[in-house]
Amino acid sequence: MGDPLRPVVIGVDIGTTSTKAVAYDVDGAQLAHHAVGYPLDEPHPGYAEQDARHIHAAVLESVRTVVAELNRPVAGLSFASAMHSLIGLDSDGTPLTPSLTWADSRASRQAERLRAVPSGLALHRRTGTPVHPMAPLAKLLWYAEQEPVLFGRVAYWVGIKDWVLLRLCDALVIDHSVASATGLMDLAQLSWDAEALGLAGITAEQLPQLVPTTTVLPGLTAEAATATGLPQETRVVVGAGDGPLANLGLGAVAPGVMACSVGTSGAMRVVVERPGVDPLGGVFCYALTEHRWVVGGAINNGGIVLDWAGEALAPELGEDAEEELLALAARAPVGSGGLIMLPYLLSERAPHWSALPRGAYVGLTHQHRRAHLVRAAMEGVCQQLALVLASVRAAGNEVREIRAGGGFSRSPLWRQMLADVLGTPVRFPAGHEGSAFGAALLGMQALGLVPSVDVAADLVRIAQTARPDPAAAATYAALLPLFAGLYDALVPTFAALRRLAPALPPG
């Protein structure tokens with residue numbers, strides 16, 4: 001359990017499918033952890049929502065379990081959360097709506113309409129958030145148009161972390177990091193954007209108070225203290241979004257060091273010292289601390305593509321068939337015999353930021369077998385990440401090192417494939433829970449336990465480095481322009497399919 005005199009901070013990562021609480025000391029040693037899962041509800045096509053009460057309960061249970069295992073004083077809690085969530089509350093703070101997650105695309109038509117006008121790109125560049133159905137701005141437009149009575153009843157619009165902190169600390173606040181992913185905050189001014197609020201039809205008074213990510217709330221409510229097993233005076237650091245904090249968790253805090261995270265979805269981000277978006281709007285820009293920002297892009301389709309391949313192409317393998325699927329993919333050659341898959345099973349985000357695309361196999365021949373289809377799906381995920389990397393560089397950012405983490409990094413095949421497709425070495429740190437560790441580090445800085453989050457670069461140990469195989473890298477370099485061009489070529493088909501969808505038989 002380490003030195004009992006060393007301060008301990010618990011990083012709490014509120015994710016899409018589970019909440020993790022992980023305790024660390026100031027040397028970065030992990031002392032205890034616990035995760036609690038919850039469902040992601042999809043009651044209609046394009047919906048991806050959750051019951052906020054389930055998530056609040058998961059936070060309490062995960063923290064309570066870790067505190068009991070530690071059996072030592074806790075200096076504070078510090079939070080990370082998935083970004084782009086939206087919940088409508090009444091005047092008492094009770095949810096009137098589900099928590100709409102980043103994966104919810106019901107606002108696709110509102111986002112496309114706003115994106116099509118010149119002010120759409122200007123809004124993206126001013127707020128750092130792409131005009132996309134993931135953004136709370138687009139979701140607010142959907143509520144105003146589709147649920148006007150409910151929209152009128154909402155007193156406050158918040159994200160999932162904002163609501164959890166309201167329950168824990170009786171404070172209605174939103175950090176600059178999560179706020180920078182709403183499409184409602186002006187990056188330069190760190191204030192709510194008047195034009196965005198006007199488009200959404202809400203006022204600044206309906207949103208939480210904007211605060212820095214290192215803000216320390218003075219303590220827990222009596223009810224929260226009892227539920228977590230912590231003293232009521234335990235300090236709570238507001239924290240940040242899970243994406244920016246994943247950079248800390250991977251030690252990617254210096255300029256030029258990119259973090260690549262691939263779990264269910266995926267992202268690539270690099271820390272910069274000044275906020276900014278490229279002229280074409282291919283990247284996002286979100287806050288980390290008052291003097292650090294992350295520029296990058298997220299993809300909807302990461303490990304979920306392999307899950308789909310198992311269900312659709314190899315159902316006889318059953319659940320938890322990842323190892324068998326990877327072994328199957330390894331039997332196919334690099335480049336999958338000229339088979340390309342666009343992995344847009346859940347539409348896509350970076351760098352096109354559109355809800356239109358669907359998945360597609362292109363180049364299928366009589367010679368292709370199941371192994372080729374599975375491998376092409378994996379290659380498609382890596383190729384999409386390569387497009388994000390190109391967009392980050394096109395925005396004027398140097399990338400001299402890539403560090404990667406997430407569930408996919410357990411697989412040697414995924415690791416090597418990513419290095420081959422990106423054409424550069426990829427370093428894999430050991431032993432940290434990504435955003436939870438980032439949250440703990442940010443909390444340590446806020447509580448004065450470490451001088452700066454820069455210590456992340458020293459605390460994170462590199463366990464492995466995957467170096468590109470020259471022949472494989474050359475194959476992927478030849479295929480990447482074909483992969484990139486397929487998106488534009490198929491946009492008319494994607495649009496036609498969406499128009500036709502309501503007339504097709506369901507199921």
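All values below come from the heavy atoms of this structure, side chains included, with hydrogens, waters and symmetry mates left out.
- To the nearest 0.5 Å, atoms CG (Leu248) and CG (Asp454) are separated by 9.5 Å.
- Checking side-chain atoms of Thr97 against main-chain N and O of Gly88 turns up a donor-acceptor pair under 3.5 Å.
- One distance of note links OG of Ser119 with CZ of Arg126; it measures 8.5 Å at 0.5 Å rounding.
- Annotation: the span from Leu77 atom CG to Thr234 atom OG1 amounts to 6.5 Å, rounded to 0.5 Å.
- One finds the CG atom of Leu86 at 14.0 Å from the CH2 atom of Trp163 (value rounded to the nearest 0.5 Å).
- Within the 3.5 Å criterion, the main-chain N or O of His84 finds a donor-acceptor partner in the side chain of Lys139.
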Inset, instruction - Please report the C-alpha distance between Met83 and Ser177 in whole Å, then the side-chain angles of each, then the deciding distance to 0.1 Å, and finally whether the side chain to side chain contact (heavy atoms under 4.5 Å, CB included) criterion is met. - result: CA-CA 9 Å; Met83 306 174 90; Ser177 178; 4.0 Å; yes
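- Between the side chain of His124 and the backbone N or O of Phe284, no donor-acceptor pair lies under 3.5 Å.
- Under a 3.5 Å cut-off, the side chain of Asn247 and the backbone N or O of Arg269 do form a donor-acceptor pair.
- No side-chain donor-acceptor contact under 3.5 Å links Asp186 to the backbone of Asp193.
- Not a single donor-acceptor pair under 3.5 Å links the side chain of Asp41 to the backbone N or O of Pro43.
- Of the inter-residue distances, the one linking Glu112 atom CD with His132 atom NE2 reads 9.0 Å to the nearest 0.5 angstrom.
- In the model, Arg115 has no side-chain atom that pairs as donor or acceptor with a side-chain atom of Ser354 under 3.5 Å.
- Without hydrogens or angle criteria, Gln232 side chain to Ala225 main chain gives no donor-acceptor distance under 3.5 Å.
- Although no hydrogens or angles enter the test, the distance criterion places a donor-acceptor pair under 3.5 Å between the side chain of Asn397 and the main chain of Val392.
- Thr182 contributes no side-chain N or O that, together with a main-chain N or O of Val178, makes up a donor-acceptor pair within less than 3.5 Å.
- In this structure, the ring of Phe151 has its center less than 6.0 angstrom from the ring center of Trp157.
- Distance alone, capped at 3.5 Å, is enough to place a donor-acceptor pair between the Gln50 side chain and the Thr16 backbone.
- Between Phe494 and Tyr344, the ring planes are perpendicular. Angles over 60° get that label, and only those under 30° would be called parallel.
- By the 4.0 Å N-to-carboxylate-O rule, Arg106 lies close enough to Glu49 to be salt-bridged with it.
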